[in-house]
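Just so you know, these numbers use all the heavy atoms, side chains as well, and skip hydrogens, waters and symmetry mates. None of these values were measured; they are calculated from a predicted model.
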Amino acid sequence: MDDMMAKINEVLSDKESMEQIRQLAGMLGLDGQSGGAEAQPPPPPSDMPFDMDTFIQLQCLMQSVSASDKNSDLLLALRPHLSPERCVRLDKSLKLMRAFTLFTAVRSSGLLDKLELF
């Protein structure tokens, strides 16, 4: 997370990069020159189920889940010895294992408690 913030600060402090961003925004019509006054960004909608902190927590959880573990390493080591049909089943099993790991990590982090779906 600190690495990403450092890169963002580096881009924002570089005048050449900022000029390129302004030119790109101008091409997209987002240059903020409507009617001679600076356009104010719209306020964030209040009915969003999560805020930016929650999004960052979820991103960190996704990165931790994508790291390999001993079970998935074992299955991937067996892959060259399997038939194509079993390789398909192995891929599905790995996806299910990652989904389950992600769900348990999200549930234990308390992110699901913040959502009010109904």
Side-chain angles (χ1 to χ4, degrees):
M1 184 65 200
D2 291 331
D3 185 40
M4 184 171 44
M5 292 300 292
K7 287 182 181 184
I8 290 172
N9 285 332
E10 179 182 323
V11 169
L12 292 176
S13 64
D14 185 24
K15 291 181 181 183
E16 188 175 310
S17 297
M18 285 302 296
E19 184 60 32
Q20 289 176 347
I21 292 172
R22 282 189 196 99
Q23 289 175 357
L24 180 61
M27 285 186 237
L28 296 173
L30 303 173
D31 56 356
Q33 297 176 355
S34 58
E38 285 279 329
Q40 294 293 328
S46 60
D47 59 343
M48 288 183 61
F50 53 88
D51 57 358
M52 189 55 111
D53 292 334
T54 305
F55 182 73
I56 291 171
Q57 281 181 327
L58 189 59
Q59 182 183 13
C60 291
L61 286 174
M62 292 287 287
Q63 289 174 350
S64 68
V65 169
S66 65
S68 62
D69 62 351
K70 63 181 183 176
N71 295 326
S72 58
D73 289 343
L74 173 65
L75 292 175
L76 289 172
L78 293 173
R79 178 182 213 121
H81 305 288
L82 299 176
S83 66
E85 297 85 21
R86 291 198 178 197
C87 284
V88 170
R89 292 172 61 188
L90 178 94
D91 291 337
K92 289 180 182 178
S93 299
L94 286 171
K95 288 179 183 177
L96 283 172
M97 287 171 53
R98 287 186 183 124
F100 181 74
T101 304
L102 176 64
F103 175 74
T104 54
V106 169
R107 185 180 58 182
S108 66
S109 72
L111 288 175
L112 294 177
D113 298 336
K114 295 179 183 179
L115 293 178
E116 295 180 16
L117 299 175
F118 300 104

Flag the pair Leu82 / Arg89 as yes when at least one side-chain heavy-atom distance between them is below 4.5 Å, and no otherwise.
->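 In short, these two side chains do not touch, never coming nearer than 4.5 Å.
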Roughly how far apart are [X] [atom1] and [Y] [atom2], rounded to 0.5 Å?
X: Cys87; Y: His81; atom1: SG; atom2: NE2; value: 10.5 Å
X: Leu78; Y: Asp73; atom1: CG; atom2: CG; value: 11.0 Å
X: Asp69; Y: Arg98; atom1: CG; atom2: CZ; value: 8.5 Å
X: Leu94; Y: Arg79; atom1: CG; atom2: CZ; value: 7.5 Å

Side-chain hydrophobic cluster, 4.5 Å single linkage: members besides Leu96 |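 Other cluster members: none.
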Whichever hydrophobic residues join Val88 through chains of side-chain contacts under 4.5 Å =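 Other cluster members: none.
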Nearest atoms (heavy-atom pairs only) where Ala77 meets Pro80 =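 Looking at all heavy atoms of both residues, the closest pair is O-CD, 3.3 Å.
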Non-neighbouring partners of Ser108 that pass side-chain contact (heavy atoms from CB on, under 4.5 Å), sequence neighbours left out |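 Applying side-chain contact (heavy atoms from CB on, under 4.5 Å) to Ser108 gives none.
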Path from Met97 to Leu102 over hydrophobic side-chain contacts below 4.5 Å |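 Per the 4.5 Å side-chain linkage, Met97 and Leu102 are not co-clustered.
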